[in-house]
Amino acid sequence: MADETPENRDPEAVSKFVEGFAAQLAEAGLPRMPARVFAALLASDSGTLTSAELGERLRISPAAVSGAVRYLAQVHMVSREREPGSRRERYRVRADQWYEALTSREAVIKRWEHALREGVDSLGATTPAGRRLAETLAFFEFIDGEIAAMMDRWRAHRERLFG
């Protein structure tokens, strides 16, 4: 549409999207304030905002921004960048954010698989607890393989859609 430019956006509609999507993320388990910050970054054209910009857009304190960004950085959902020639940081969400987030989860799944293998060995594979852990291990091994194959398919699909 010809009127889809940043200058023509309805700030109220953008705010409604940010809060609505943040509520969906929070319902799925993301803490509320990090969900709001993530949604605001996602809705920004540049994909980057400063702490002050986030505070202003979301009407939250610098401490709330700091805590939310710290959480999001720890779970690899945002990255921090220094503004050239400044001490200010900008927070960035990338277009391939979901891909990166899922890819980083692969390392977590591998650690869980290792721990579960140790648990099966410690508890005994034929005990009820050992069998339960073995089934959990088999599930994560299956998921690990499926995620890798799915990511390959996504890369090809993304290339077709976005070049």
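- Under the side-chain contact (heavy atoms from CB on, under 4.5 Å) rule, Tyr91 has a single partner from Leu54, Leu72, Thr48, which is Leu54.
- A distance of 9.0 Å separates CD in Glu89 from OG in Ser66, rounded to the nearest 0.5 Å.
- The shortest heavy-atom contact between Pro31 and Pro34 is O-CD, 3.3 Å.
- Here the side chain of Arg131 pairs a donor or acceptor atom with the backbone of Thr126 at under 3.5 angstrom.
- Within a 6.0 Å sphere centred on CD of Glu118, heavy atoms belonging to other residues, nucleotides or ligands number more than 12.
- Among all heavy-atom pairs drawn from Leu49 and Ala40, the shortest one is CD1-O, 3.9 Å.
- Going from atom CD of Glu141 over to atom CD of Glu146 covers 13.0 Å, rounded to the nearest 0.5 Å.
- Between the Arg80 side chain and the Arg90 main chain, no donor and acceptor come within less than 3.5 Å of each other.
- Atom CZ of Arg32 sits in a sparse spot, with 12 or fewer heavy atoms from other residues, nucleotides or ligands closer than 6.0 Å.
- Around the CZ atom of Arg82, the shell of radius 6.0 Å holds more than 12 heavy atoms that belong to other residues, nucleotides or ligands.
- In terms of modelled atom types and a separation under 3.5 Å, the side chain of Thr136 and the main chain of Arg132 share a donor-acceptor contact.
- The aromatic rings of Phe17 and Phe21 sit parallel, their planes meeting at an angle under 30°, below the 60° perpendicular limit.
- For Trp154 and Phe162, the distance between ring centers is not under 6.0 angstrom.
- Residue Arg117 holds its CZ atom at 12.5 Å from CG of Leu133, rounded to the nearest 0.5 Å.
- Nearest heavy atom pair, residue Leu30 against residue Ala35, reads CD2-CA, 3.5 Å.
- For the atom pair Arg57 CZ and Arg36 CZ, the distance stands at 13.0 Å (nearest 0.5 Å).
- Between atom CG of residue Asp144 and atom CZ of residue Phe139 there is a gap of 11.5 Å, rounded to the nearest 0.5 Å.
- Within a 6.0 Å radius of CD in Glu81, other residues, nucleotides and ligands contribute more than 12 heavy atoms.
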